[in-house]
Structures are given as structure tokens and as C-alpha cells.
**Student:** 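One structure, pasted below without further comment.
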Amino acid sequence: MAAYALILFTFLAFFSSQIMASDPSPLQDFCVADDMKSGVFVNGLVCKNPKEAKPEDFFFPGLDKAGDTSKNPGSNVTLVNVDKIGGLNTLGISLARIDFAPYGGLNPPHIHPRATEVLTVMEGTLYVGFVTSAPDFKLFSKVLNKGDVFVFPQGLIHFQFNIGAVPAVAFAGLSSQNPGLITVAKAVFGSNPPISDDVLAKAFQLDKKTVDRLQAQFLNSS
């Protein structure tokens with residue numbers, strides 16, 4: 001009996017951990033985020049009284065408009081998360097429009113710590129990819145054209161790069177109301193306060209002067 005109980009406990013613990021690996025499931029029809037500046041902290045946002053919900057709580061206009069891609073690195077992300085649509089609170093989903101400048105517009109290598117991403121190309125041609133974790137660090141990459149779809153698993157480094165002569169547009173669905181964003185180069189060389197140049201020089205096998213130049217570039221772009 002004790003052995004059976006241990007097996008059952010292990011089974012439940014395993015599947016509970018899998019369930020909690022993404023946003024918590026809602027326990028009601030919706031839970032519209034109320035005060036974004038509330039001093040109350042929960043895993044998500046505090047809900048308003050559902051009787052006070054209105055259509056505008058589930059609405060966001062303007063994804064038909066292109067973002068400005070004139071600045072480096074030549075891309076613009078319009079993220080529609082719970083900060084933009086309060087009704088997304090507890091629903092475990094968000095959306096983004098990504099615009100790319102022609103001839104090299106880049107959404108640089110980055111991570112979404114809380115979401116898997118499904119990307120659909122609406123216009124143009126993108127070279128995309130993600131890298132697996134240790135020990136393989138395998139690159140999965142593909143050239144995408146209009147109508148093509150690619151998946152970036154949660155927490156893995158990924159990128160999109162416009163290899164075409166015309167602007168490109170893609171839409172991304174993300175499996176979190178607040179997927180988070182860690183841009184690799186910015187996080188490493190532009191952290192506040194800066195990571196020691198001794199650490200970065202050894203980690204990247206660079207001399208300190210090169211590290212200092214990289215840090216200055218990213219810190220000045222803040």
C-alpha cells in the first residue's frame with residue numbers, strides 16, 4: 001500500500017508541475033484586470049467586478065498600422081498583452097504584430113520566458129530560427145514566405161530576419177497574457193548595473209576593450 005501511495009504521489013506531482021508550467025487556468029468566464037498600479041500582487045492582475053466589465057475591456061484597435069522600422073535593428077513589435085487588453089488577464093494568451101524593414105530588418109535573438117510563440121508571415125520573406133538548450137545547442141531554422149507558420153518553443157533563444165527587398169509583416173500568438181522579453185545582447189551587454197567586464201571577457205573570450213565598447217553601445221541605446 002505504501003508503494004502504491006508513493007507511486008500515486010509521484011504521478012500527481014509530475015503532472016501538477018506540467019500543468020503549472022504555463023499561465024494558470026481561469027476559474028471563471030473572464031477576470032478583467034482592474035488597477036494596473038494596484039499595490040496588491042498576485043500571479044496575474046487583480047480583477048474588477050465582472051458586473052462592471054464592458055466591451056472595451058476586450059478590445060484593442062490599430063494592428064492594421066505598420067510600426068516604425070527606421071531605427072536599428074530595423075524592426076518594430078506591437079505587443080498586445082494584458083497591459084493593452086485587460087480582458088486577457090488569466091486567459092493565457094497574447095498577440096504581437098512585427099514589422100521588418102527591407103534588406104535586413106531584424107528581430108534580434110531573444111527569449112520569452114513565459115510563452116511559446118507561433119509566428120505567421122503575412123507579407124515578405126523571413127529567415128527565422130531557434131536554438132535548443134544544452135548540451136546540443138542545435139539550430140532549427142527556416143525561410144518563411146507569406147502564409148508560412150513557425151513555432152518557437154517557450155524559453156528558447158529565437159530570431160526573425162528579413163532577407164527580402166520589401167518590408168515584411170508577421171503576426172505572433174503567444175501562450176501567456178504576459179510572455180516577457182529578454183533580448184540576449186541587451187541583457188548581457190546592457191544590464192543595469194553592468195555585468196563586470198572581467199566576467200564578460202572570459203565568457204565570450206574577448207578582450208576587455210571590446211567588452212567595454214559593446215557595453216557602451218548598448219547602455220547608450222537605453
Side-chain angles (χ1 to χ4, degrees), residues 21-23 33 57-133 136-190 217-218 221-222:
S22 59
D23 288 2
D57 292 326
F58 304 90
F59 173 75
F60 177 86
L63 280 190
D64 59 318
K65 297 178 176 62
D68 180 11
T69 61
S70 62
K71 297 179 181 179
N72 187 50
S75 69
N76 188 294
V77 179
T78 304
L79 177 63
V80 184
N81 62 0
V82 69
D83 293 334
K84 302 291 181 61
I85 301 181
L88 287 177
N89 193 35
T90 77
L91 298 186
I93 193 170
S94 55
L95 174 72
R97 171 180 173 140
I98 313 169
D99 290 280
F100 300 85
Y103 296 115
L106 172 68
N107 191 11
H110 62 279
I111 297 167
H112 300 300
R114 295 180 290 274
T116 291
E117 176 180 344
V118 180
L119 184 88
T120 303
V121 177
M122 307 303 294
E123 298 290 344
T125 302
L126 297 176
Y127 169 62
V128 308
F130 67 86
V131 179
T132 64
S133 56
D136 294 333
F137 299 112
K138 183 176 180 180
L139 172 65
F140 287 81
S141 63
K142 192 80 174 174
V143 173
L144 306 182
N145 295 296
K146 182 177 180 179
D148 291 342
V149 177
F150 201 80
V151 176
F152 306 104
Q154 180 174 338
L156 298 185
I157 294 174
H158 59 284
F159 62 88
Q160 300 104 28
F161 184 63
N162 186 3
I163 58 175
V166 298
V169 181
F171 280 83
L174 300 121
S175 62
S176 172
Q177 67 182 45
N178 185 27
L181 174 68
I182 302 172
T183 303
V184 178
K186 177 66 175 176
V188 172
F189 294 103
Q217 178 178 332
F218 282 98
S221 66
S222 299

**Student:** List, one per line, each side-chain donor-acceptor pair under 3.5 Å for residues 72-79, sequence neighbours excluded.
**Tutor:**
from: Ser75; atom 1: OG; to: Leu106; atom 2: O; distance (Å): 2.8
from: Asn76; atom 1: ND2; to: Asp68; atom 2: O; distance (Å): 3.0

**Student:** Please report the shortest heavy-atom distance between His110 and Thr183, naming the atom on each side.
**Tutor:** CB-CA, 3.9 Å
**Student:** Show every donor-acceptor pair shorter than 3.5 Å between a side-chain atom in residues 144-151 and any protein atom, with sequence neighbours excluded, or say none if there are none.
**Tutor:**
from: Asn145; atom 1: OD1; to: Thr125; atom 2: OG1; distance (Å): 3.0
from: Lys146; atom 1: NZ; to: Glu123; atom 2: OE2; distance (Å): 3.4
from: Asp148; atom 1: OD2; to: Asn145; atom 2: N; distance (Å): 2.7

**Student:** Which donor-acceptor pairs under 3.5 Å do the side chains of residues 162-172 make with protein atoms, sequence neighbours left out?
**Tutor:**
from: Asn162; atom 1: OD1; to: Gly164; atom 2: N; distance (Å): 2.9
from: Asn162; atom 1: ND2; to: Ala101; atom 2: O; distance (Å): 2.8
from: Asn162; atom 1: ND2; to: Val166; atom 2: O; distance (Å): 3.0

**Student:** Please step through side chain to side chain donor-acceptor pair (under 3.5 Å) for the pair His112 and Glu117, ending with a clear verdict.
**Tutor:** CA-CA 8 Å; His112 300 300; Glu117 176 180 344; 3.1 Å; yes
**Student:** Go through the structure and list residues passing ring-ring contact (aromatic ring centres under 6.0 Å, His included) with Phe60, not counting sequence neighbours.
**Tutor:** none
**Student:** Please answer whether the main-chain N or O of Asn178 pairs with a side-chain N or O of Ser176 as donor and acceptor at a distance below 3.5 Å.
**Tutor:** yes
**Student:** Would you say the side-chain atoms of Asn81 pair up with the backbone N or O of Asp83, donor to acceptor, closer than 3.5 Å?
**Tutor:** yes
**Student:** Taking the side chain as every heavy atom from C-beta outward, state whether Phe100 and Gln160 have any pair of such atoms under 4.5 Å apart.
**Tutor:** yes
**Student:** Taking the side chain as every heavy atom from C-beta outward, state whether Val184 and Ile157 have any atom pair closer than 4.5 Å.
**Tutor:** yes
**Student:** Do any N or O atoms from the side chain of Ser175 and from the backbone of Ile93 form a donor-acceptor pair under 3.5 angstrom?
**Tutor:** no
**Student:** Do you know the tightest heavy-atom contact between Phe152 and Val128?
**Tutor:** CZ-CB, 3.9 Å
**Student:** Which residues pass the ring-ring contact (aromatic ring centres under 6.0 Å, His included) test with Phe161, sequence neighbours left out?
**Tutor:** none
**Student:** Can you list every pair that meets salt bridge (Lys or Arg N to Asp or Glu O under 4.0 Å) and has a residue in residues 97-106, with sequence neighbours left out?
**Tutor:** Arg97-Asp99
**Student:** Could you check whether any side-chain N or O of Gln177 sits under 3.5 Å from a backbone N or O of Thr90, counting only pairs where one atom can act as donor and the other as acceptor?
**Tutor:** yes
**Student:** By side chain to side chain contact (heavy atoms under 4.5 Å, CB included), which residues pair with Ser141, not counting sequence neighbours?
**Tutor:** Tyr127, Leu139
**Student:** Are Leu63 and Leu95 packed together at the side-chain level, in the sense that at least one heavy-atom pair is separated by less than 4.5 angstrom?
**Tutor:** yes
**Student:** Does atom CZ of Phe58 have more than 12 heavy-atom neighbours, drawn from other residues, nucleotides or ligands, at distances under 6.0 Å?
**Tutor:** yes
**Student:** What are the two closest heavy atoms between Leu174 and Pro179, and how far apart are they?
**Tutor:** CD2-CB, 4.1 Å
**Student:** Taking the six-membered ring for Trp, are His158 and Phe130 closer than 6.0 Å centroid to centroid?
**Tutor:** no
**Student:** Grab the two heavy atoms, one from Ser94 and one from Leu88, that are nearest each other, plus how far apart they are.
**Tutor:** CA-CD1, 4.4 Å
